[in-house]
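It should be emphasised that the depicted structure is a prediction, and the values quoted were computed from it without experimental measurement.
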Amino acid sequence: MHWREIIRRPVITEKSNFLASEFNQYTFVVDPRANKMQIKEAVELAWPDVSVERVRVANMPAKRARRWRRMAIRKPGWKKA
């Protein structure tokens with residue numbers, strides 16, 4: 001996979017902004033098929049002046065919600081690193 005296929009987008013939340021400013025930890029939505037080594041290589045290729053020390057990965061579960069009485073919607077699960 002190309003590095004642009006692995007890294008989909010950054011996660012922008014209060015917690016991710018705090019981690020970035022205090023601990024230099026950045027959070028991305030990544031391809032569910034990517035492993036830690038591929039994520040590390042993709043980040044280092046995207047930003048050449050960055051060296052990745054460690055990659056942590058979490059599979060976020062799918063969410064279910066109800067609209068009206070019968071219509072149920074489901075958001076797919078995703079992977080963050």
Side-chain angles (χ1 to χ4, degrees):
M1 279 192 284
H2 193 264
W3 68 266
R4 290 184 186 193
E5 296 172 0
I6 294 173
I7 300 174
R8 294 199 174 159
R9 66 178 183 272
V11 176
I12 308 296
T13 60
E14 265 186 61
K15 184 176 182 179
S16 66
N17 287 335
F18 174 75
L19 290 173
S21 64
E22 296 293 321
F23 301 109
N24 289 330
Q25 296 178 0
Y26 298 92
T27 309
F28 299 99
V29 174
V30 296
D31 191 275
R33 299 169 294 174
N35 59 27
K36 290 183 178 186
M37 294 303 296
Q38 290 173 332
I39 295 168
K40 179 181 177 178
E41 291 173 5
V43 170
E44 289 176 348
L45 284 173
W47 293 277
D49 56 338
V50 172
S51 63
V52 178
E53 293 179 10
R54 183 171 62 185
V55 176
R56 288 185 276 182
V57 177
N59 286 313
M60 305 307 291
K63 303 252 178 157
R64 294 187 192 112
R66 252 188 211 285
R67 285 189 184 172
W68 305 298
R69 290 185 182 196
R70 298 183 185 168
M71 184 177 162
I73 58 172
R74 182 176 185 266
K75 289 186 177 181
W78 52 285
K79 191 175 200 176
K80 74 176 177 179

Q: Quick one: pull up OG1 in T27 and NZ in K15 and give me the separation to the nearest 0.5 Å.
A: 8.5 Å
Q: Shared ILVMFWY cluster between V30 and V57, side chains joined below 4.5 angstrom?
A: yes
Q: Could you tell me whether the side chain of Q38 reaches within less than 4.5 Å of the side chain of R33, counting heavy atoms only?
A: no
Q: Grab the two heavy atoms, one from A62 and one from R74, that are nearest each other, plus how far apart they are.
A: CB-NH2, 3.3 Å
Q: Working to the nearest 0.5 angstrom, can you tell me the gap between R64 CZ and K75 NZ?
A: 14.0 Å
Q: Do M1 and I39 belong to the same hydrophobic cluster, where Ile, Leu, Val, Met, Phe, Trp and Tyr are linked whenever their side-chain heavy atoms lie under 4.5 Å apart, directly or via other members?
A: yes
Q: With a 4.0 Å cut-off, would you call K79 and D31 a salt bridge?
A: no
Q: Is it true that Y26 and F18 fall in one hydrophobic cluster, defined by side-chain heavy atoms closer than 4.5 Å?
A: no
Q: Hey, what do you get for CZ (R9) to CH2 (W78), rounding to the nearest 0.5 Å?
A: 7.0 Å
Q: Heavy atoms, side chains only, cut-off 4.5 Å: are P48 and V50 in contact?
A: no
Q: Is the NZ atom of K80 crowded by more than 12 outside heavy atoms at less than 6.0 Å?
A: no
Q: Hey, could you give me the CG/CD distance between D49 and E44, rounded to the nearest 0.5 Å?
A: 11.0 Å
Q: Roughly how far, to the nearest 0.5 Å, is CG of L45 from CD1 of I6?
A: 8.5 Å
Q: Check for me whether the distance between the ring centres of F28 and W3 falls short of 6.0 Å.
A: no
Q: For the residue pair V11 and S16, what are the closest heavy atoms and their distance?
A: O-OG, 2.8 Å
Q: Using the rule that Ile, Leu, Val, Met, Phe, Trp and Tyr join whenever any side-chain heavy atoms are under 4.5 Å apart, tell me whether M60 and V55 fall into a single cluster.
A: no
Q: Taking C-beta and beyond as the side chain, do S51 and K40 meet within less than 4.5 Å on heavy atoms?
A: no
Q: Tell me whether W47 is reachable from V29 by hopping between hydrophobic residues (I, L, V, M, F, W, Y) whose side-chain heavy atoms are closer than 4.5 Å.
A: no
